**Q** 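My structure is below; once you've seen it, I'll send some questions.
Throughout, residue positions are numbered sequentially from 1 according to the sequence presented. Just so it is clear, the model here is predicted, and its values are computed rather than measured.
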Amino acid sequence: LDATDSSPEHMANVIASLELASDQKTPVLQQASQTRCQLAAPWPASRDKRLFVSAAIDSSQANIVQELLRVTLLGVQQQAEIQDLEEENAAYLTQLNEDMEELVFLRSIADKLALGDLSLNSEKLLQYILPALGESTGVEAVHFIDGRRGTAPEIVESWFCESSPKRVGTEIVNLLVQDYCPDVQEVPVVENNVQTRKYGARYRGVDGFAIVPVSTHLITFGWLVAINRKSHNANKHQHPVWQLGNDEIGTCEVSLMSTTAAMVASYSHNVSLFDEREALMLSVVRTLVSAIESRDQYTCGHRERVADY
């Protein structure tokens, strides 16, 4: 600012120059007097701040200073754009690595759930899937809720992240299960920022959760419940734009959970079909054997004696 002129007219000219520079996004030069010019320009800053440069200079040097300032601003803007691109590339690289990890995880589940291996019972299956699912989604805990027993849903298997404190107790998870699971049959339910809502006190320690049904079009086997994104995810990117949503359970996490749930439900349904087929075949064999033995009293009971032997 021109320290020799503090009149209201001068200050009004300065403000007008700044507004014009803000609109045009380029240095603006205005004649303040016969020998003085007012130079104003927007200066690159963070997204939540607006900075300006204003100077009173001699008219004889005005054009040179204006061009120098324009080149300087161009260099600063290019440097800021380069920094944004570097952060964007880093974010894309991180996302690509996460996507590859998810693909490897899903492929490992597909290999584990091969129909040729029917020895994998529900307990072993959940012990394998829950830790891998929890690490892939970056949550603090994953629970499987059984819904096939004809009674209230209950937790049958759980996984907790070792690097995160176990903030949410079983009684709180049971409240979530009782309140939400019976109504979640087809579409997943996701809630974030739970503690800011009016019912947050009921679910103490729960910042966010996702409930995904493990079901086919015929039967619901249970639900996968994920609790809280791990806090270190919020610092994954330094740029504030890329930090948005890193501490929330979002589309990527729910999509991975839904894919996993669909694979588990399909495997469970196929195993039940194989069990039914085996039971049917055994029933047919028993019927044939009983028909044959009933024709001869001497051979009657022979199959039971052979089986006992």
**Q** Of all the heavy-atom pairs spanning Leu126 and Val156, show the shortest one and how long it is.
**A**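 Answer, listing the atom of Leu126 first, then Val156: CD1-CG2, 4.1 Å.
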**Q** With the 4.5 Å side-chain cut-off for hydrophobic clustering, are Ile172 and Tyr199 part of the same group?
**A**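 Ile172 and Tyr199: one cluster.
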**Q** Measuring from Ser272:OG to Ile219:CD1, what's the distance to the nearest 0.5 Å?
**A**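 One gets 7.0 Å once the value is rounded to the nearest 0.5 Å.
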**Q** Please give me the minimum heavy-atom distance between Pro188 and Val212, naming the atom from each residue.
**A**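 Smallest interatomic distance, heavy atoms only, reads CB-CG2, 3.9 Å.
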**Q** How close do Asn228 and Gly205 get, heavy atom to heavy atom, and via which atoms?
**A**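 Taking Asn228 first and Gly205 second, the nearest heavy atoms are ND2-O, 3.0 Å.
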**Q** Does the side chain to side chain contact (heavy atoms under 4.5 Å, CB included) test come out yes or no for Glu154 and Ile145, once each step is laid out?
**A** CA-CA 5 Å; Glu154 61 175 321; Ile145 314 301; 5.7 Å; no
**Q** Do you know which of Leu176, Val189, Ile211, Ile155 makes side chain to side chain contact (heavy atoms under 4.5 Å, CB included) with Trp223?
**A**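 Between Trp223 and the candidates, side chain to side chain contact (heavy atoms under 4.5 Å, CB included) is satisfied uniquely by Ile211.
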**Q** For Phe160 together with His143, are the ring centres under 6.0 Å from each other?
**A**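 Ring-ring flag for His143/Phe160: true, centres closer than 6.0 Å.
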**Q** Heavy-atom count check: over 12 atoms from other residues, nucleotides or ligands less than 6.0 Å from Arg197 CZ?
**A**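 Correct, the count exceeds 12.
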**Q** Could you report the tightest heavy-atom contact between Gln185 and Thr220, atom names first, then the distance?
**A**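 Minimum heavy-atom contact is OE1-OG1, 3.1 Å.
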**Q** Between Leu130 and Ser158, does the side chain to side chain contact (heavy atoms under 4.5 Å, CB included) criterion hold? Intermediate values first, please.
**A** CA-CA 7 Å; Leu130 293 190; Ser158 299; 5.7 Å; no
**Q** How long is the gap from CD1 on Ile249 to CE on Met257, to the nearest 0.5 Å?
**A**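 It comes to 7.0 Å.
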**Q** Going hydrophobic residue to hydrophobic residue with side-chain gaps under 4.5 angstrom, can you get from Leu273 over to Leu280?
**A**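 No, Leu273 does not connect to Leu280 through the hydrophobic network.
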**Q** Without hydrogens or angle criteria, can the side chains of Ser215 and Glu186 be said to hold a donor-acceptor pair below 3.5 Å?
**A**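 Judged by distance alone, the side chains do not pair up.
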**Q** Report the C-alpha separation of Met281 and Glu276 in whole Å, then their side-chain angles, then the decisive distance to 0.1 Å, and conclude whether the side chain to side chain contact (heavy atoms under 4.5 Å, CB included) test is met.
**A** CA-CA 9 Å; Met281 293 179 63; Glu276 291 177 4; over 6 Å; no
**Q** Rounded to the nearest 0.5 Å, what separation is found between the CG atom of Asp207 and the CD1 atom of Ile227?
**A**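 CD1 of Ile227 is found 10.0 Å from CG of Asp207.
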**Q** Could you please spell out the steps behind the side chain to side chain contact (heavy atoms under 4.5 Å, CB included) verdict for Asn193 and Glu248?
**A** CA-CA 8 Å; Asn193 303 314; Glu248 297 180 349; 3.5 Å; yes
**Q** Locate the shortest heavy-atom distance separating Asp179 from Asp183; write the atom from each residue and the value.
**A**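 The pair with the smallest heavy-atom distance is O-OD2, 4.1 Å.
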**Q** Are Val284 and Phe274 linked, directly or through intermediate hydrophobic residues, by side-chain heavy-atom contacts shorter than 4.5 Å (ILVMFWY only)?
**A**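 As far as the 4.5 Å side-chain criterion goes, Val284 and Phe274 are not connected within one cluster.
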**Q** Got a salt bridge between Arg229 and Glu140, using NZ or NE/NH1/NH2 to carboxylate O under 4.0 Å?
**A**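 Between Glu140 and Arg229 there is no salt bridge, as every charged N stays at least 4.0 Å from the carboxylate O atoms.
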**Q** Report the distance from atom OH of Tyr180 to atom CD of Glu191, rounding to the nearest 0.5 Å.
**A**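 Between atom OH of Tyr180 and atom CD of Glu191 there are 5.0 Å.
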**Q** So, taking the atom named CD in Gln83 and the one named CD in Glu88, what distance separates them when rounded to the nearest 0.5 Å?
**A**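 Going from CD on Gln83 over to CD on Glu88, the span is 13.0 Å.
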**Q** As an exercise, state the distance from OG1 of Thr170 to CG of Leu175, rounded to the nearest 0.5 Å.
**A**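 One finds 11.0 Å between OG1 of Thr170 and CG of Leu175.
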**Q** Just by distance, do the side chain of Ser255 and the backbone of Thr251 share a donor-acceptor pair under 3.5 Å?
**A**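 Absent.
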**Q** Write down the atom of Ala210, the atom of Val190, and the distance for their closest heavy-atom approach.
**A**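 Nearest heavy atoms, Ala210 then Val190: CB-CG2, 4.2 Å.
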